[in-house]
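Data block below; observations after.
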Amino acid sequence: MVGTQSLRYDNQIHIIDFDDENNIINKNVLLHQVGEIWHISASPADKGVLATCYNKTSDSKVVTCAAVWRMPKELESGSHESPDDSSSNTQTLELLCHLDNTAHGNMACVMWEPMGDGKKIISLADNNILLWDLQESSAKAVLSSSAALEGKGQLRFTSGRWSPHHNCTQIATANDTTVRGWDTRSMRQIYSIENAHGQLVRDLDFNPNKQYYLASCGDDCKVKFWDTRNVTEPVKTLEEHSHWVWNVRYNHSHDQLILTGSSDSRVILSNMVSISSEPFGHMVDDDELSDQEEQHQEEKVKEPLQDSVIATYEEHEDSVYAVEWSSADPWLFASLSYDGRLVINRVPRALKYHILL
């Protein structure tokens, strides 16, 4: 899903359908008339439901709101053909409910409970964390609990991530240069990484397979990996980008594969195998090996594999604001830059077989 940011025209969400076998991209356009889209997140439980954060002008002030939408039924299946004349069939998103934030400030992002039933959602608005219950098949959002960031100055969250571990009771948030962990049951802070980055923290992501591991990136051009049990030092730091890093994403299946996008116009795919769930590569059962193979295996297993940059993608000519792995194919990813260019790439085949075999 790709959202537009246009001041003058009706904004849209483009549902991009990539046909892997024939290498064809199909696109369906949905109208999102309420304003410029700054954040999109899809429900983990219902294919047709999504949430957006968007800008709108009220009383000559720009405010950022959030809402939950449903796309037309026929687009949910994902196997739709693009009509020849795509302009004629623009459909409209159906508004399910607003996350009413008049009291809480501007929405920065919306997170769905991972692996949940699509009924729990957290939004970050200025310095507030708001936990919502979606009721009446998402037609109504009820605020069930909230927490506020206390401190000097104007504190504002920039991004957040809901951890898939610990029974989905933890989230991580970024504000300014600090990364914080919160318990969603008590809405209390559980850890704080002050000065996680030298400048603004832009994005966070949790390792899907290792429960205490968190990645962060920011305007100091760095990507850092943390063990949230001991946050005095990062476990690892990547310094491959030459400008702000807007996004960091763990591969959903093979957590050594890390994708980052930056306003240096590059997308970098890194192999962070030393801090992954398989630091020694793919483990083989002894029963599967013959005697000769066993001796070879002994020699091979001793050394953990080396971290490295796998590939740098330079198809963009402008700042890369979003990178995302496919949720269907672990070897496929997309990136989006300021000029509206969407690029779909694959993990190099040699690396894919190296990981699998």
Side-chain angles (χ1 to χ4, degrees), residues 38-39 64 105-109 111 122-130 146-166 169-184 186-207 210-250 255 258-264 266 268 270 272 274-276 307 309 319-323:
W38 286 89
H39 188 260
T64 312
N106 287 314
M107 293 283 180
C109 75
M111 306 171 262
I122 281 179
S123 65
L124 301 179
D126 282 348
N127 64 331
N128 296 289
I129 300 175
L130 310 167
S146 64
L149 196 51
E150 313 274 317
K152 293 197 290 286
Q154 271 196 312
L155 299 173
R156 292 182 58 183
F157 289 116
T158 42
S159 67
R161 229 41 192 166
W162 199 322
S163 169
H165 308 292
H166 318 287
T169 56
Q170 294 188 10
I171 64 163
T173 61
N175 70 287
D176 201 27
T177 59
T178 305
V179 173
R180 297 168 202 274
W182 304 79
D183 187 315
T184 57
S186 62
M187 281 304 209
R188 290 214 170 92
Q189 198 170 290
I190 41 181
Y191 57 84
S192 173
I193 313 174
E194 306 279 337
N195 300 317
H197 287 264
Q199 289 166 284
L200 184 74
V201 181
R202 292 264 169 202
D203 197 23
L204 306 166
D205 200 19
F206 282 99
N207 185 319
K210 281 183 86 171
Q211 60 178 350
Y212 296 101
Y213 277 67
L214 171 72
S216 64
C217 63
D219 287 3
D220 57 0
C221 314
K222 293 176 185 168
V223 180
K224 296 188 183 183
F225 299 90
W226 307 90
D227 180 335
T228 58
R229 293 165 297 185
N230 175 15
V231 295
T232 46
E233 286 291 316
V235 185
K236 207 89 183 168
T237 302
L238 266 179
E239 302 188 35
E240 297 296 332
H241 284 288
S242 57
H243 206 271
W244 304 347
V245 188
W246 283 78
N247 272 116
V248 58
R249 287 288 179 272
Y250 277 101
D255 55 278
I258 308 282
L259 210 50
T260 52
S262 156
S263 27
D264 63 8
R266 296 182 306 162
I268 295 181
S270 305
M272 301 304 288
S274 71
I275 51 171
S276 73
D307 296 340
V309 168
S319 296
V320 178
Y321 284 148
V323 290

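- Residues satisfying the salt bridge (charged side-chain N to carboxylate O under 4.0 Å, His left out) criterion with Arg229, sequence neighbours excluded, are Asp227.
- Partners of Lys210 under the salt bridge (charged side-chain N to carboxylate O under 4.0 Å, His left out) rule, at least two apart in sequence or in another chain, do not exist in this structure.
- Neither side chain, Asn128 nor Ser146, offers a donor N or O lying under 3.5 Å from an acceptor on the other.
- Listed by chain and number, the residues in a salt bridge (charged side-chain N to carboxylate O under 4.0 Å, His left out) with Asp205 are Arg161 (sequence neighbours excluded).
- Scanning for side-chain hydrogen bond (donor to acceptor under 3.5 Å, both in side chains) contacts around Ser123 gives Trp132, with sequence neighbours left out.
- Trp162 meets the side-chain hydrogen bond (donor to acceptor under 3.5 Å, both in side chains) test with no other residue; sequence neighbours excluded.
- Not counting sequence neighbours, the partners of Gln211 by the side-chain contact (heavy atoms from CB on, under 4.5 Å) test are His165, His166.
- Residues passing the side-chain hydrogen bond (donor to acceptor under 3.5 Å, both in side chains) test with Asp255 are Asn207, Asn209, Ser277, sequence neighbours excluded.
- The side-chain contact (heavy atoms from CB on, under 4.5 Å) search around Leu200 returns Thr158, Asp176, Arg202, Asp219, not counting sequence neighbours.
- Remark: Val309 pairs with Glu240, Ile268, Ser270, Thr312 by the side-chain contact (heavy atoms from CB on, under 4.5 Å) rule, at least two apart or across chains.
- For the side-chain hydrogen bond (donor to acceptor under 3.5 Å, both in side chains) test, no residue two or more places apart in sequence or in another chain qualifies with Thr228.
- Residues meeting the side-chain contact (heavy atoms from CB on, under 4.5 Å) test with Tyr321, sequence neighbours left out: Trp246, Ser319, Tyr338.
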